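Notes follow once the structure below has been shown.
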Amino acid sequence: PDPTRIEAENATISAGVVESNHAGFSGTGFVNYDNAVGSSVEFTVNATAAGPASLKLGYANGTTVNRPMDVSVNGTTVASAVAFEGTGAWTTWTTATIPVTLVAGANKVRFTATTANGGPNVDYLQLD
Ligand code: GCU
C-alpha cells in the first residue's frame, strides 16, 4: 500500500465501530459509522510541505442512498456534504478524491456524516 495510507481502523473514531465482515478492505478492517448525524472519523495526515493536496478516501456504500459527509481540515470545514453514493455492495470498495489545502506537518482531516444514515463504511485515507 501507499506509505501515506492511514487505515481508518487506526484513526480517531467518534461514533463508529471497526469491523471486518465485508471483504476487500485494506489493513485489518474498516469503520462502520454509527447511523447518526455527526458520526465521524479523524485522520492525521502528515504533509511534507504546505499547499494544495489531493486526498483519496477508500469507502463502500452498500445502499442506494448517498451518505454525504462534511470534510474539515484542522477544525475548519472545507467541503460540505460531499457525496458518497452507493457502490453497489458493501464489498465493493471505491475511492473519492478530495482536494484540500494542508499545512506542513500534521493535519487533522475529519469526515463527519451529515444524515441520519451516518457515513459510508470507510477503509483508509491517503495522499493521492
Ligand atoms: C449493514 C452493513 C454495515 C453498514 C450498515 C449501514 O449493517 O453490514 O457494514 O455499515 O449496514 O447501513 O451503515
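Order of listing sets the numbers, starting from 1, for every ligand and every atom in it. None of these values were measured; they are calculated from a predicted model.
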message: For N35, which part has a heavy atom under 4.0 Å from ligand 1: side chain, backbone, both, or neither?
response: side chain
message: Do L125 and F30 land in one hydrophobic cluster if side-chain heavy atoms of ILVMFWY residues count as linked below 4.5 Å?
response: no
- line: the protein heavy atom lying closest to atom 2 (C) of ligand 1 turns out to be H22 NE2, 3.4 Å
Would you list the atom pairs, donor with acceptor, under 3.5 Å between side chains in residues 76-92 and any protein atom, with sequence neighbours excluded?
unit_1: T87; atom_1: OG1; unit_2: N61; atom_2: N; d: 3.1
unit_1: T87; atom_1: OG1; unit_2: N61; atom_2: O; d: 3.2
unit_1: T87; atom_1: OG1; unit_2: A89; atom_2: O; d: 3.1
unit_1: T87; atom_1: OG1; unit_2: T92; atom_2: O; d: 2.8

- prompt: What is the closest protein heavy atom to atom 7 (O) of ligand 1, and at what distance does it sit?
  reply: N32 ND2, 4.9 Å
message: Main chain of N121, side chain of D123: is a donor-acceptor contact present, judged purely on distance under 3.5 Å?
response: no
task: Can you pull out the closest protein heavy atom to atom 12 (O) of ligand 1? Residue, atom name and distance to 0.1 Å, please.
output: R67 NH2, 2.8 Å
message: Between L55 and Y124, is there shared hydrophobic-cluster membership here, with clusters defined by ILVMFWY side-chain heavy atoms closer than 4.5 Å?
response: no
message: I need the nearest protein heavy-atom contact for atom 1 (C) of ligand 1: residue, atom name and distance, please.
response: W90 NE1, 4.0 Å
- request: For atom 9 (O) of ligand 1, find the nearest protein heavy atom and state the residue, atom name and distance (0.1 Å precision).
  value: N121 ND2, 2.8 Å
query: Can you tell which of D34, V122, V18 makes a side chain to side chain contact (heavy atoms under 4.5 Å, CB included) with I13?
result: V18
